[in-house]
Amino acid sequence: MGERIRVLIDGREFEIKKGTPLGEILKLAGVDGAIGGKVGNRILDLQTPLFEGGELKPIFKGDPESLEIMRHSLAHIMAQALKELYGTERVHLGVGPTTEEGFYYDVEVEGHTITEEDLPKIEEKMREIIRRDYPILRKELSREEAIRLFEDLKERYKIDIINRIPPDEVISVYQQGDFVDLCKGPHLPSTGEAGAFKLMSVSGAYWLGRSDQPQLTRIYGIAFWNEKDLEERLKFYEEAKKRDHRRLGRELEFFLIDEEVGPGLVIWLPRGAVYRRVLEDYWKEEHLRRGYHLVYTPHVGRSRLWERSGHLEYYRENMFPEMEMEGEGYFVKPMNCPFHIAIYKSKVRSYKELPLKLAELGTVYRYEMSGVLHGLLRVRGFTQDDAHIICTPDQVDDVIRETLDLALSMLKDFGFEDFRIYLSTKPEYATGTDEQWERAQNALRKAIEELGHDYEVDEGGGAFYGPKIDVKIKDALGRFWQCSTIQFDFNLPERFDMTYVGPDNRKHRPYMIHRAILGSIERFTGILLEHYGGLLPLWLSPTQVRVLPIADRHVEYAKRVFSELERAGFRVELDDREERLGAKIRDAELMKIPYVVVLGDKEVETGTVSVRGKREGNLGSMSLEEFIDMLRRKVESRE
RNA sequence: GCUGGCGUAGCUCAGUCGGCAGAGCGCGGGAUUUGUAAUCCCGUGGUCGCGGGUUCAAGUCCCGCCGCCAGCUCCA
């Protein structure tokens, strides 16, 4: 009784009674209009009593943290709406947290499956509840009271939650009108304060995220303080939809996934194949420049190989099933490592030839559950831009620095500038010695730091066989995608008894690093297509220039321009159909061809070309040489 | 794999209450000789995802399967 705590607000210190609600504290401090406060990392609402001193940052409408409070209340408002629409007894609530842009609630409605058609009705009811402007009241209950309350309400999932709350934790409920929900907050002072929202989708979600538990219906919403922000978000979704690589892949004739061929299996169409060849040629050149050896390995390997590698023990559920031939089992490869190891082991290796860098665009097949397949981004057969680096312990630092540098420089060449780097360290169960882990983790950390990048550490997040660096890239819509991974492996060198002869003329165990830069050709292509909205940089574009004669009499000149461009090394097409110019231009635009040259009487007469860029619009007439120079510059700079 | 939704021409989609399968684009033929995002006319195109069932009659209703979509789960 009478215990006091010190609270710092806007640099001023207040001494107040322990357990005073945050709202009263702010009133005492003369802070007006706040809807909550932040203490440490916790966001609290006005009704929550404060038991610990420290800095208290008031949160006002419009602060980033304020959204969290509001979205949380909207989840309750949605739950209340569901109860009013479908009957309190029939609606059982799971959890209703906030998300990065809104909120969701997992619910079960007896005797009714909620579909997207129900959403407008639910939204309407939510607006009504907002208009009613119920005060949102916080109450603390004893465990027994809480269980009794939610038993009366037939909220079996809530009771499940209560039973999971640690004994020393306070159990609180929030009430608005006659709706009560178990919740630790924070919430708005009243429902009328809620902002603009929209219910987006309905899907299934397991209770507690466990597939042995019942599946509830998850209703997603997004919410912002005002209509403008909400509209912006909705526009983002439209933009993302327009950039969907599955749609672009079909429209631009890049790839095809055919039901009859098989789900998750990608067929590259001629235009996509041209792009892919350019990409792969670039990739190979970059690797050759850095001393990699390019290798090719088979698509299948004997069962005993996968036995030895440990894949059958640890990875089998992700592999296509075994096939048998002449009494011998084979598996389609889910990874390239064992083959690269076979190459390493094909002769006695001296320390003098290390680091040995073996690279391959290796196509692997993995069983992915049918529900997770998604265009090029999640497939069952894909080509990894894979490499294995085998080196001595004291080469580790250099090797990692060089590898990370290669990864970042290649990603930059594709137009990605913004990276997030993650370092994952030793997990609880791990193979390899402490010394190995130490050395490897240091090498990874040093490489990131020397290249001047920030990174996050995922403590204990490494695989059991070694620590790793993951690189995520940020696309044009601000989304992050994981591409590169640089991963130590202390397991396979042991399993395959890989050795090298050191200067001491004795055998030593090398370090092995597994790395991919783009991740996989398929996935990276999906990301690229979405990043550029299908309008790839000139150097990657399947067709770089399309030549458009206006009338028949210009075709001859057009053919000359066409072959000169081709001779200059560009990928060119000639559109000599009997079509109007407008139609030809439109078709080229739709195929997102970077440049068209229009050739009519004027151009034939003056020996010029009239250039129109997909990005730039009509650039007017220029000589063919000028045009070629321009193209060359852009290709070289990978613009 | 799980839950829900969807599946009609190469593509995008319409098809009411169970009653003769449609449009636009594309594709083929013809006319037109064209100046920076769609020229006109004619024609072609279907196992309505697949398999059962109900019915006088099924694109439409029911069941199973396949695929796709959203999410969950999974993701050495």
Side-chain angles (χ1 to χ4, degrees), chain A residues 94 99 104 106 108 112-118 200-220 241 244 246-247 250-251 253 256-264 309-311 313-319 334-335 337 366-375 378 424 427 429-431 461-466 468 482 485 487-492 514 548-555 576-593 595-603 610-614 616-621:
Chain A
T99 63
Y104 66 80
D106 287 348
E108 181 181 75
H112 178 74
T113 33
I114 300 216
T115 67
E116 298 197 355
E117 281 165 27
D118 296 319
M200 299 299 287
S201 64
V202 176
S203 66
Y206 294 112
W207 175 238
L208 303 173
R210 283 180 16 205
S211 51
D212 58 341
Q213 295 286 329
Q215 194 161 27
L216 310 184
T217 305
R218 176 168 298 180
I219 307 175
Y220 278 91
K241 206 174 158 191
D244 190 319
R246 292 167 297 186
R247 175 210 194 98
R250 186 174 54 238
E251 287 173 0
E253 295 175 14
L256 174 79
I257 295 171
D258 184 312
E259 187 183 327
E260 198 174 359
V261 171
S309 70
H311 285 91
E313 198 177 335
Y314 297 104
Y315 203 71
R316 189 166 192 159
E317 68 272 23
N318 292 299
M319 293 166 70
M335 295 187 194
C337 349
R366 297 181 185 175
Y367 167 71
E368 299 281 358
M369 284 191 290
S370 56
V372 306
L373 301 175
H374 182 89
R378 197 74 186 269
S424 300
Y429 299 101
T431 186
F464 77 86
Y465 52 81
K468 62 172 177 174
Q482 201 207 304
T485 182
Q487 203 153 359
F488 277 89
D489 192 326
F490 304 135
N491 182 41
L492 292 179
H514 170 101
L548 310 183
I550 291 176
D552 284 351
R553 64 179 177 280
H554 311 123
V555 169
D576 56 0
R577 292 174 303 163
E578 288 181 26
E579 269 300 346
R580 302 219 162 160
L581 179 61
K584 293 184 183 184
I585 293 206
R586 183 185 146 83
D587 289 342
E589 288 279 343
L590 289 176
M591 289 309 280
K592 301 191 195 295
I593 291 167
Y595 291 97
V596 298
V597 293
V598 174
L599 306 176
D601 290 337
K602 211 167 68 190
E603 287 70 29
S610 174
V611 178
R612 179 189 160 106
K614 170 86 180 114
E616 309 93 310
N618 194 343
L619 294 172
S621 288

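Quantities reported herein were computed from a predicted structural model and do not represent experimental measurements. Naming: A, B, ... by sequence-line order, numbering from 1 per chain. Heavy atoms only: backbone and side chains are in, while hydrogens, waters and symmetry mates are out.
- Although no hydrogens or angles enter the test, the distance criterion places a donor-acceptor pair under 3.5 Å between the side chain of A:H554 and the main chain of A:D601.
- With hydrogens and angles ignored, the 3.5 Å screen pairs a side-chain donor or acceptor of A:K584 with a backbone N or O of A:R577.
- Atom CG in A:L216 sits about 17 Å away from atom C1' in B:rA70, given to the nearest Å.
- To the nearest whole angstrom, the two P atoms, one in B:rC61 and one in B:rU16, are 10 Å apart.
- For A:Q215, counting side-chain heavy atoms from C-beta on, the closest listed nucleotide (B:rA76, B:rU33, B:rG71) is B:rG71.
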Worked verdict on A:F464 versus A:Y314 for ring-ring contact (aromatic ring centres under 6.0 Å, His included): CA-CA 11 Å; A:F464 77 86; A:Y314 297 104; 5.1 Å; yes

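- As rounded to whole Å, 10 Å separates atom P of B:rA76 from atom CD of A:Q487.
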The test is side chain to side chain contact (heavy atoms under 4.5 Å, CB included); show your working for A:L619 and A:Y595 and say whether it passes. CA-CA 10 Å; A:L619 294 172; A:Y595 291 97; 4.2 Å; yes

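- Within 4.0 Å (heavy atoms only), A:R553 reaches sugar-phosphate atoms of the nucleic acid but no base atom.
- At B:rU12, none of the side-chain N or O atoms of A:R247 fall inside 4.0 Å of OP1 or OP2 (strictly under the cut-off).
- Atom CE of A:M335 and atom P of B:rA76 are 9 Å apart (whole Å).
- When rounded to the nearest whole Å, the span between CD of A:E108 and P of B:rG4 equals 12 Å.
- Counting only heavy atoms from C-beta on, A:F464 has its side chain closest to B:rA76 among B:rA76, B:rA70, B:rC74.
- Under the Watson-Crick or G-U wobble criterion, with both distances below 3.5 Å, B:rG43 is paired with B:rC27.
- Between A:R218 atom CZ and B:rG5 atom P the separation is 18 Å, expressed in whole Å.
- Applying the Watson-Crick and G-U wobble criteria (two distances, each under 3.5 Å), B:rG19 pairs with B:rC56.
- Rounded to a whole angstrom, the distance from the P atom of B:rU44 to that of B:rC6 is 34 Å.
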Can you give me the N/O atom pairs linking the protein to nucleotides 66-68 of chain B at distances under 3.5 Å, or say none if there are none?
unit_1, atom_1, unit_2, atom_2, d
B:rG67, O4', A:E259, OE2, 3.4

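- Applying the 4.0 Å criterion to OP1 and OP2 of B:rA70, one finds that A:H374 has a side-chain N or O inside that range.
- B:rU73 sits 16 Å from B:rC2 when the P atoms are compared, rounded to a whole Å.
- Distance A:K241 NZ to B:rU12 P: 12 Å, rounded to the nearest Å.
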Report the C-alpha distance between A:R316 and A:H311 in whole Å, list the side-chain angles of each, state the deciding distance to 0.1 Å, and finish with yes or no for side chain to side chain contact (heavy atoms under 4.5 Å, CB included). CA-CA 6 Å; A:R316 189 166 192 159; A:H311 285 91; over 6 Å; no

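- With RNA chain B read from its 5' end, the first of the two nearest nucleotides for A:D489 and A:Y367 is the one closest to A:Y367.
- Rounded to a whole angstrom, the distance from the P atom of B:rA9 to that of B:rG59 is 14 Å.
- Heavy-atom distances to RNA chain B give each of A:S201 and A:N491 a nearest nucleotide, and the one nearer the 5′ end belongs to A:S201.
- A 3.5 Å limit on both hydrogen-bonding distances identifies no Watson-Crick or G-U partner for B:rA38.
- The CZ atom of A:R378 sits 10.0 Å away from the CZ atom of A:R366 when rounded to the nearest 0.5 Å.
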Residue pair A:Y104, A:Y220: steps toward the side chain to side chain contact (heavy atoms under 4.5 Å, CB included) verdict: CA-CA 4 Å; A:Y104 66 80; A:Y220 278 91; 3.9 Å; yes

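- Between the A:E603 side chain and the A:G600 main chain, a donor and an acceptor come within less than 3.5 Å of each other.
- Between the side chain of A:R246 and the backbone N or O of A:G375, no donor-acceptor pair lies under 3.5 Å.
- Separating the C1' atom of B:rG71 from that of B:rC65 is a span of 23 Å, rounded to the nearest Å.
- As a whole-Å value, the separation of A:Y206 OH from B:rG4 C1' is 12 Å.
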Could you encode protein contacts along nucleotides 35-41 of chain B as a string, one character per nucleotide from 5' to 3', using B for base contact, S for sugar-phosphate-only contact and - for no contact, with a heavy-atom cut-off of under 4.0 Å? BBBBB--

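- The structure places CG of A:L599 at 10.0 Å from CG of A:L581, a figure rounded to the nearest 0.5 Å.
- Pair assignment for B:rC68 gives B:rG5, based on Watson-Crick or G-U wobble hydrogen-bonding distances that are each under 3.5 Å.
- Taking every side-chain heavy atom of A:Y315 into account, B:rA76 is the closest of B:rC72, B:rA70, B:rA76.
- Taking CG of A:N618 as the reference point, atom OG of A:S610 lies at 5.0 Å (rounded to 0.5 Å).
- B:rG64 and B:rG18: their C1' atoms are spaced 22 Å apart (whole Å).
- Between A:W207 atom CH2 and B:rU3 atom C1' the separation is 17 Å, expressed in whole Å.
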Using side chain to side chain contact (heavy atoms under 4.5 Å, CB included), reason through A:C337 and A:L492 one step at a time and then give a plain yes or no. CA-CA 9 Å; A:C337 349; A:L492 292 179; 3.8 Å; yes

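- Using C1' as the reference atom, B:rU60 and B:rG53 are 15 Å apart when rounded to the nearest Å.
- Nucleic acid contact class of A:H311 (heavy atoms, under 4.0 Å, all strands): base.
- Comparing B:rG24 with B:rC20, their C1' atoms are spaced 23 Å from each other, to the whole Å.
- Across the strands present, B:rG51 finds its partner in B:rC63; the criterion is a Watson-Crick or G-U wobble pair with both atom distances under 3.5 angstrom.
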